[in-house]
Amino acid sequence: MSADSDCLDPVALLKGLVSLRRLTGLYPPGHPSIEQKLSELDDTVQRHIRTASALRLDVIHGSAHLDGVVFRQDSEAQAQILRELTDLGVDSIHIAAGVTRHELLALSEFLWQLKDAPSGEPIDVQLTARRIQHISLGRLVPLDTRWKTVQWPDAPTGPLDPSYELSLALTERTFDDVMSGKGVDLATIRDVVTLLIQKVAASNAALGQILAVKLYENLTYCHSVNVATLSLLIGKQVGFDPAATAALAEAALLHDIGKTRIPLEILKKPSALDKRERKMMEAHTTHGAEILVEVDGLRPLTPTVALEHHRGVDGAGYPDLGEGAVPHLLSQIVAVADIYEAMTGARSYQDPAMPEQACLVLARLAGTKLNTALVKAFVNAVTFFPLGSVVRTDRDEIGVVVRTIEHEPLHPVIALIGADRERLPGDVDTSRRGSGGHYERHVVETLRPLEGVDLTQFLAS
Ligand SMILES: [Fe+2]
C-alpha cells in the first residue's frame with residue numbers, strides 16, 4: 001500500500017461525496033456550491049488514484065474500509081454518513097484510474113435520485129446509461145485482504161478464570177469428539193451447562209474476559225462457550241426460570257456444532273468466501289441440526305437453535321425455512337450473543353471491534369435481523385463499556401471497568417491502572433456528578449487490552 005493511501009481518510013472522502021450528493025439535490029446544476037464541492041472531491045480522488053491507481057471504499061459492519069483496510073470511525077456523525085450510503089443499498093464504491101470530474105458529478109446526482117426512485121434496473125446498467133464508466137457501486141465486494149493476514153491466537157491467552165478455563169477445556173474435548181465421529185458426550189454437555197450457569201456467568205472475571213475486546217481469533221468451541229455465557233446474560237435480563245435457562249445454555253453451547261463438518265481452511269479463511277464456500281459455510285446450520293437430533297437426551301429446542309440462529313426475526317437469513325418462518329425465542333437470543341461475540345473477537349483480516357461499536361451494530365440490526373427487546377436487554381446488561389474493558393477518561397486516566405451501573409451505560413466504575421500494570425487503590429465511579437449536576441468524568445474511549453494486565457486480579461469477586 002502506498003504512503004498516500006495511508007493518509008487518505010475514507011470517512012472524509014465519503015463525507016465529501018455525501019455532501020455533493022445533497023447539494024445536487026438542493027441546487028440547480030452548475031451552482032457555485034456544487035462546483036466547489038466537486039472540485040474538492042475531484043482533487044482528493046485524483047491525488048489518491050495517481051499513486052494507488054484505483055480507490056476502493058467499502059462499508060463493512062458500519063466501518064469504512066479503504067482499499068481493504070479498516071478505518072475506525074468513532075463519532076455518531078461519521079456513522080451517520082456511512083448510513084446515508086448504506087441505506088441507499090450502496091456498501092461499496094470502486095473508482096478506477098481515468099475517472100473524470102463529470103463522472104463524479106453524475107454519480108452524486110445518481111445517488112440523490114436513487115433515494116426517491118430506486119429503479120429495478122441493475123446499478124451498472126444505470127451507471128453506464130449516465131456515461132459513468134470508471135465507477136462501480138455495489139453491495140459488498142469481497143475484500144481481498146490476504147496480504148494483511150495476522151495470526152491471532154486461537155483461544156484466550158494469559159491467566160483465565162478457573163471455571164471459564166474448565167468450560168473451554170471440556171467443550172474443546174466435546175467438539176473434538178464430534179469431529180472425529182465419536183458423537184456428542186451428553187454427560188460432558190450437562191457438566192458444562194451447569195458450570196456456565198452456576199460459575200462462569202456469575203463470575204466477573206470470566207464475564208470480563210468474554211465481554212471485553214478479545215485479542216484472539218477463537219475456534220468454534222471457544223466461540224460457543226462465549227456465546228452461551230452471553231446468552232445467559234440475556235436470559236437473566238428477560239427473567240428466564242431455571243428450566244428455560246438450562247435449555248438456553250445447552251442450545252447456545254451447541255449452536256455451531258455443525259461447523260465440525262466444515263473444513264478448517266474455510267472456517268479460518270482470511271479473505272471473503274466465494275459462493276461455493278459460502279454455501280458450505282451456511283450449511284453448518286443444517287449439519288448442526290442433523291447432528292443434534294440424533295443425540296438422545298438433549299433438550300428438544302437444541303437442534304432448533306442450531307438450525308435457526310442465522311435467521312432474522314424479519315424472516316430473512318439462512319437456511320431457507322419457508323416464507324414467514326420466525327425463529328424461536330432461544331434462537332433469537334443466541335443470534336444477538338453470536339453477533340456481539342464474533343465482532344468483538346479478532347479476525348485474521350480485521351482487528352476486533354470495540355464493545356461500543358458492536359453494541360451500535362446490534363442496535364442497527366434491531367427490528368430487522370434481531371429482536372429489538374433482546375438487543376435492549378443485552379446492551380442493558382453489558383453496557384457500552386463492559387466489565388473488563390480498558391478505557392480512558394477525559395482526565396486521561398486509564399482504567400479497567402470493574403463494575404457497570406444500571407441505567408448508566410456510559411459511566412462505569414473503573415479501577416485505575418498504575419505504571420506497573422498494577423491496580424491503584426480507590427476505584428473511580430465515573431457516574432458521579434459534581435454540584436452542578438454534571439458528570440465529573442466521561443469515558444472517552446475503549447483501548448485495546450493492555451499487555452501485562454491480569455483481568456482475573458482486577459475482577460476477582
Ligand atoms: Fe453459526
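For ligands, and for the atoms within them, numbers begin at 1 and follow the listed sequence. Residue numbers start at 1 and run along the sequence shown.
A donor-acceptor contact closer than 3.5 angstrom is absent between the side chains of His134 and His94. For the residue pair Asp429 / His411, no side-chain donor-acceptor distance below 3.5 Å is found, with atom types taken as modelled.
Of all protein N/O/S atoms, those under 2.8 Å from the Fe ion (ligand 1) are Asp256 OD1, His284 NE2, His309 NE2, His310 NE2, and waters are not counted.
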Practice task
Under the ring pair (Phe, Tyr, Trp, His ring centres under 6.0 Å) rule, what do His255 and His223 come out as? Steps first, then yes or no, please.
Solution key: CA-CA 10 Å; His255 77 282; His223 169 68; 5.5 Å; yes
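Taking Thr393 as the reference, Glu397 meet the side-chain hydrogen bond (donor to acceptor under 3.5 Å, both in side chains) condition, with sequence neighbours excluded. In this structure Asp338 satisfies the salt bridge (charged side-chain N to carboxylate O under 4.0 Å, His left out) test with no other residue, sequence neighbours excluded. Under the side-chain hydrogen bond (donor to acceptor under 3.5 Å, both in side chains) criterion, Glu408 pairs with Tyr439, not counting sequence neighbours.
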